Amino acid sequence: MNLPLSLTPLIGEDQLLRTKKQIEKAQKIVIVTHLSPDGDAMGSSLGLYHYLLSMGKEVRVVVPNAFPYFLKWMDGVKDVVVNTYIPTVAEAMIRNADLIFCLDFNTLKRIGVLGDQVEQSAAKKILIDHHLDPDESFDVVISYSQISSTSEIVFRLMAQMDNGLDNISTVIAECIYTGMMTDTGGFTYNSNDPEIFEIISLLLKKGIDRDLIYRNVFNNYSDQRFRLLGYTLSQRMKIYPEHKASLLYLTKEDQKQFTLVKGDTEGFVNYPLSIKDILFSVFIREDGELTKISLRSQGDFPCNKFAADYFNGGGHLNASGGEFYGEIEDAIALFEEGLEKYAEILQNSSI
Ligand code: 5GP
Ligand code: MN
């Protein structure tokens with residue numbers, strides 16, 4: 001294969017051929033991604049969306065619920081169908097599709113009510129993802145957990161299908177870069193693979209402005225978010241030095257004091273990892289009827305296992321999430337119980 005630079009072909013010939021064939025056969029294509037879409041969910045979906053549009057397909061991105069405002073600058077977001085706003089449109093799109101791409105999640109449970117609709121749709125289904133343990137209930141599974149973002153896999157898919165980058169526009173490159181950047185915290189974790197930087201180089205040659213993308217995503221918050229961050233770090237942080245762990249939490253009442261919008265607490269969970277010797281950070285936040293848990297770790301501590309054991313969740317080794325139904329105090333107590341159970345593993349973990 002004649003790939004640029006020294007990129008290693010990642011995607012198997014069989015998956016490539018089957019994906020190509022399904023795209024050729026399909027006219028109506030839907031791209032779905034996970035609940036509370038993040039930069040990688042939106043970047044990979046919109047990157048693929050622009051690519052398929054340029055092939056003359058009827059394409060729509062359908063997301064289960066709203067995405068954060070700091071992604072609203074992305075090209076194509078205005079055409080994204082948000083299920084919580086227009087459920088009948090979302091449902092019809094999924095029902096009438098010939099082909100559905102499922103991006104950045106490993107099981108249909110991660111797309112909420114859209115899961116049943118996707119399952120029941122007669123469309124062919126292709127999974128593109130980087131989480132562990134993908135469901136096998138798709139026609140094609142393109143899943144590589146060693147790759148740090150789904151956006152990178154989408155880039156490689158396009159490059160390998162076309163045997164080059166001719167069809168990758170600046171807009172597509174921007175979307176891909178956004179997902180690669182956000183899923184690695186601005187290339188500060190899961191970012192040691194040298195090929196990431198080869199791809200960045202190729203995206204730069206496609207004309208992206210990576211400084212601008214960084215500012216659009218990370219320097220675009222409201223002052224309210226900043227005040228809430230200050231409050232959370234000063235009033236709602238507990239450190240457990242003996243467990244090398246920290247907790248941030250926010251009740252509904254805490255959040256009411258600040259005028260919050262979707263995405264305002266994004267990234268909070270990462271801050272305590274800057275404290276010396278803290279390698280496990282958990283953020284517990286009341287969110288409507290449920291309590292949402294975000295977990296992050298450094299080094300080899302498996303925060304996805306902790307999420308699965310205590311919060312019915314999962315994700316990656318160093319970034320995972322879960323849910324809790326009940327009072328926030330009980331979620332905190334459960335977390336502390338988990339810390340005791342994991343005490344030895346935490347003590348033996350290092351960054
Ligand atoms: P975040 O903390 O940013 O919401 O989620 C971090 C990662 O954890 C996501 O990329 C996803 O892989 C995983 N994740 C988040 N919430 C859940 C959940 O409720 N269930 C599972 N299985 N994974 C989750
Ligand atoms: Mn991702």
Side-chain angles (χ1 to χ4, degrees), residues 31-48 63-68 70-71 101-112 115 127-135 142-156 175-187 189-191 196 217 247-250 262-273 280-285 287-297 302-325 331 335:
I31 299 166
V32 293
T33 190
H34 61 76
L35 275 161
S36 299
D38 56 11
D40 187 34
M42 296 305 289
S44 58
S45 296
L46 288 168
L48 184 62
V63 298
N65 59 350
F67 47 87
F70 54 79
L71 299 174
F101 278 97
C102 298
L103 263 53
D104 202 34
F105 63 89
N106 56 355
T107 154
L108 291 176
K109 278 190 229 116
R110 294 278 294 129
I111 58 173
L127 178 75
I128 308 178
D129 182 43
H130 67 139
H131 293 92
L132 290 168
D133 306 323
D135 272 358
I142 299 174
S143 170
Y144 298 94
S145 62
Q146 76 274 27
I147 300 293
S148 58
S149 65
T150 297
S151 297
E152 179 182 332
I153 303 176
V154 168
F155 173 85
R156 289 170 176 275
C175 297
I176 297 296
Y177 184 81
T178 302
M180 291 176 67
M181 180 186 80
T182 51
D183 255 23
T184 56
F187 306 102
Y189 49 81
N190 290 338
S191 61
I196 289 177
V217 174
L247 167 71
L248 300 176
Y249 63 96
L250 282 176
K262 182 105 192 159
D264 268 346
T265 56
E266 192 91 18
F268 280 21
V269 65
N270 292 308
Y271 284 95
L273 294 178
F280 181 37
S281 168
V282 172
F283 178 32
I284 299 181
R285 181 173 71 90
D287 186 8
E289 276 129 53
L290 69 113
T291 298
K292 190 70 203 151
I293 326 289
S294 278
L295 308 93
R296 298 291 185 272
S297 64
C303 73
N304 50 357
K305 191 163 179 308
F306 193 103
D309 285 355
Y310 291 95
F311 296 111
N312 197 26
H316 311 283
L317 184 79
N318 295 135
S320 62
E323 295 170 355
F324 182 82
Y325 290 87
F335 160 68

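Atoms within a ligand are numbered from 1 in the order they appear, just like the ligands themselves. Bear in mind the structure is a predicted one, so any value in this text is a computation, not a measurement. This chain uses plain numbering: 1 for the first residue, then up along the sequence.
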Around the Mn ion (ligand 2), list the protein N/O/S atoms within a radius below 2.8 Å, excluding water molecules.
->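 Under 2.8 Å from the Mn ion (ligand 2) - ignoring waters, which are not counted - the protein N, O or S atoms are Asp40 OD2, Asp104 OD1, His130 NE2, Asp183 OD2.
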
Taking atom types as modelled, find out whether Ser151 and Asp40 have a side-chain donor-acceptor pair closer than 3.5 angstrom.
->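 Indeed, the side chains of Ser151 and Asp40 share at least one donor-acceptor pair under 3.5 Å.
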
Would you say the side chains of Asp104 and His130 form a donor-acceptor pair under 3.5 Å?
-> yes

Distance under 4.0 Å to a non-hydrogen atom of [X]: what atoms of ligand 1 satisfy this?
| X | value |
| --- | --- |
| Gly315 | 12 (O), 13 (C) |
| His131 | 10 (O), 11 (C), 12 (O) |
| Lys292 | 16 (N), 17 (C), 18 (C), 19 (O) |

State which residues pass side-chain contact (heavy atoms from CB on, under 4.5 Å) with Pro64; sequence neighbours excluded, sorted by chain then number.
-> Leu35, Ile111, Leu114

Measuring from [atom], which candidate in [options] has the nearest non-hydrogen atom?
| atom | options | answer |
| --- | --- | --- |
| atom 5 (O) of ligand 1 | Ala319, Ser320, Gly267 | Ser320 |
| atom 18 (C) of ligand 1 | Lys109, His130, Glu323, Arg110 | Arg110 |
| atom 20 (N) of ligand 1 | Ala41, Gly313, Gly39 | Gly313 |

In chain order, what residues pass the side chain to side chain donor-acceptor pair (under 3.5 Å) check against Ser143, with sequence neighbours excluded?
->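 Not a single residue meets the side chain to side chain donor-acceptor pair (under 3.5 Å) criterion with Ser143.
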
Nearest protein heavy atom to [atom], by residue and atom, and its distance?
| atom | answer |
| --- | --- |
| atom 21 (C) of ligand 1 | Gly314 N, 3.3 Å |
| atom 15 (C) of ligand 1 | Gly321 CA, 3.4 Å |
| atom 2 (O) of ligand 1 | Ser294 OG, 2.6 Å |

Polar contacts were defined as any N/O atom of the residue lying under 3.5 Å from an N/O atom of the ligand; does this apply to [X] and ligand 1?
| X | answer |
| --- | --- |
| Leu295 | no |
| Asp38 | no |
| Arg296 | yes |

Tyr177/Phe187 aromatic ring centres below 6.0 Å |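 Between Tyr177 and Phe187, the centre distance is under 6.0 Å.
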
Does the gap between the ring centers of Phe335 and Tyr249 come in under 6.0 Å?
-> no

Salt bridge (charged side-chain N to carboxylate O under 4.0 Å, His left out) partners of residues 306-317, not counting sequence neighbours, each pair once |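 Salt bridge (charged side-chain N to carboxylate O under 4.0 Å, His left out) check on residues 306-317 returns Lys305-Asp309.
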
Does Asn312 reach the main-chain N or O of Glu323 with its side chain, forming a donor-acceptor pair under 3.5 Å?
-> no

Any side-chain heavy-atom pair from [X] and [Y] closer than 4.5 angstrom?
| X | Y | result |
| --- | --- | --- |
| Arg156 | Ile153 | no |
| Thr265 | Phe283 | yes |
| Asn106 | Leu132 | no |

Apply the test side chain to side chain contact (heavy atoms under 4.5 Å, CB included) to residues Glu266 and Phe70: give CA-CA distance (whole Å), side-chain angles for both, the deciding distance (0.1 Å), then the verdict.
-> CA-CA 10 Å; Glu266 192 91 18; Phe70 54 79; 3.7 Å; yes

